[in-house]
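Taking it in order: structure first as structure tokens, then the write-up.
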Amino acid sequence: DAGVTQSPTHLIKTRGQQVTLRCSPKSGHDTVSWYQQALGQGPQFIFQYYEEEERQRGNFPDRFSGHQFPNYSSELNVNALLLGDSALYLCASSFLQGTSTDTQYFGPGTRLTVL
Amino acid sequence: QKEVEQNSGPLSVPEGAIASLNCTYSDRGSQSFFWYRQYSGKSPELIMFIYSNGDKEDGRFTAQLNKASQYVSLLIRDSQPSDSATYLCAVNTDKLIFGTGTRLQVFP
């Protein structure tokens, strides 16, 4: 049973560029959440996708956008990259039960460095 | 006040001892609580979750929840050097809110 997968593992971009990160959820899961983790901090919630719609969003600017596909996989897009966007980007998948998301399992993450 | 608070540590314990990690949260409506372990440079790995007041045991790990005091803890019995990692407390308010983590060091 494959767990959550993410690609790429590492990425180096320059300021102003755009980046797309990808995530495939664990088998049987229908919900994907994205987090940003800066060094020495806990993961910060960016947004969550369910049924191809953004279900919830954290305090991140519109430069951060996403998409969920019919097979439940998801993309995170970041436009106009800033130095402060350098972080570990984590994808977590879960199964939505009623109105509350169940236990979330994380992928290995994508380390983004903005120069 | 931060939504989820943890002591950043490091918490240093000798091998074989009990490590006690604590977490407080601000949202009284929180329904479920999670502990994740994160090794340096890796992603968080789920250790335990707890929904009800009281204790929940899984092997060497025990999670404790007190909703009246808005307090969650994780006990690690017979600590091993391989337990050395950052432990993240997360509270589900329909999205996961994480603390900054407590760094645990288990020395031989």
Side-chain angles (χ1 to χ4, degrees), chain A residues 3-10 21 23-26 29 31-50 54-60 66 86-113, chain B residues 1-10 21-52 56 58 61 63 65 72 74 85-105:
Chain A
V4 182
T5 60
Q6 291 186 246
S7 63
T9 54
H10 295 86
L21 310 181
C23 171
S24 291
K26 185 178 169 68
H29 286 180
T31 303
V32 173
S33 303
W34 287 92
Y35 295 83
Q36 180 195 67
Q37 187 176 24
L39 205 59
Q41 300 297 315
Q44 297 292 311
F45 175 74
I46 303 175
F47 43 54
Q48 183 181 81
Y49 277 85
Y50 170 68
E54 185 182 286
R55 181 172 173 268
Q56 289 193 82
R57 188 179 184 92
N59 293 326
F60 279 81
S86 296
L88 179 66
Y89 287 85
L90 295 161
C91 166
S93 78
S94 56
F95 179 70
L96 185 65
Q97 296 184 339
T99 59
S100 181
T101 307
D102 200 356
T103 306
Q104 296 188 22
Y105 296 88
F106 284 87
T110 294
R111 173 72 61 187
L112 173 64
T113 302
Chain B
Q1 181 189 7
K2 291 183 180 178
E3 293 182 83
V4 179
E5 295 206 49
Q6 296 181 257
N7 188 319
S8 61
L21 304 160
N22 304 315
C23 171
T24 59
Y25 61 94
S26 60
D27 187 345
R28 286 192 170 274
S30 303
Q31 294 296 314
S32 50
F33 308 85
F34 301 84
W35 285 98
Y36 288 85
R37 176 176 63 198
Q38 187 171 28
Y39 293 111
S40 181
K42 302 295 185 182
S43 66
E45 172 193 10
L46 179 69
I47 297 176
M48 292 195 68
F49 58 86
I50 186 166
Y51 299 150
S52 303
K56 179 182 178 183
D58 184 1
F61 299 97
L65 173 61
V72 193
L74 179 70
T86 295
Y87 289 79
L88 296 163
C89 170
V91 175
N92 192 347
T93 60
D94 204 26
K95 61 185 178 186
L96 277 187
I97 306 297
F98 283 84
T100 55
T102 298
R103 190 157 63 94
L104 173 66
Q105 295 177 335

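In this text the structure is predicted, and so the values were computed from the model without any measurement. Order of the sequence lines fixes the chain letters, A, B, ..., with proteins taken first and strands second; residue numbering starts at 1 for each chain.
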#### Entry: Engaged part of B:Y51 at the chain A interface, taking heavy atoms whose separation is under 4.5 Å
side chain
## Note on the structure
If you tally heavy-atom pairs under 4.5 Å between each of B:L46, B:T93, B:I97 and chain A, the highest tally belongs to B:L46
### Query
Quick one: what part of A:Q6 sits under 4.5 Å from any heavy atom of chain B, side chain, backbone, both or neither?
neither
### Query
Relative to chain A, which of B:G99, B:S43, B:G101 shows the most heavy atom pairs under 4.5 Å?
B:S43
### Task
Compare every heavy atom of B:F61 with every heavy atom of B:R37, then report the nearest pair and how far apart it is.
NH1-CZ, 4.1 Å
### Task
Answer with side chain, backbone, both or neither: which region of B:Q38 has an atom nearer than 4.5 Å to a non-hydrogen atom of chain A?
side chain
### Query
Relative to each other, are the rings of B:F49 and B:F34 parallel, tilted or perpendicular (30° and 60° limits)?
tilted
### Message
Quick check on the interface: out of A:G42, A:P43, A:G109, who has the most heavy-atom pairs with chain B under 4.5 Å?
### Response
A:P43
#### Entry: Any A:S33 side-chain heavy atom under 4.5 Å of B:L96 side chain
no
### Query
Do other residues, nucleotides or ligands put more than 12 heavy atoms under 6.0 Å from the CD atom of B:Q105?
yes
### Query
Do the rings of A:F45 and A:Y35 sit parallel, tilted or perpendicular, given the 30° and 60° boundaries?
perpendicular
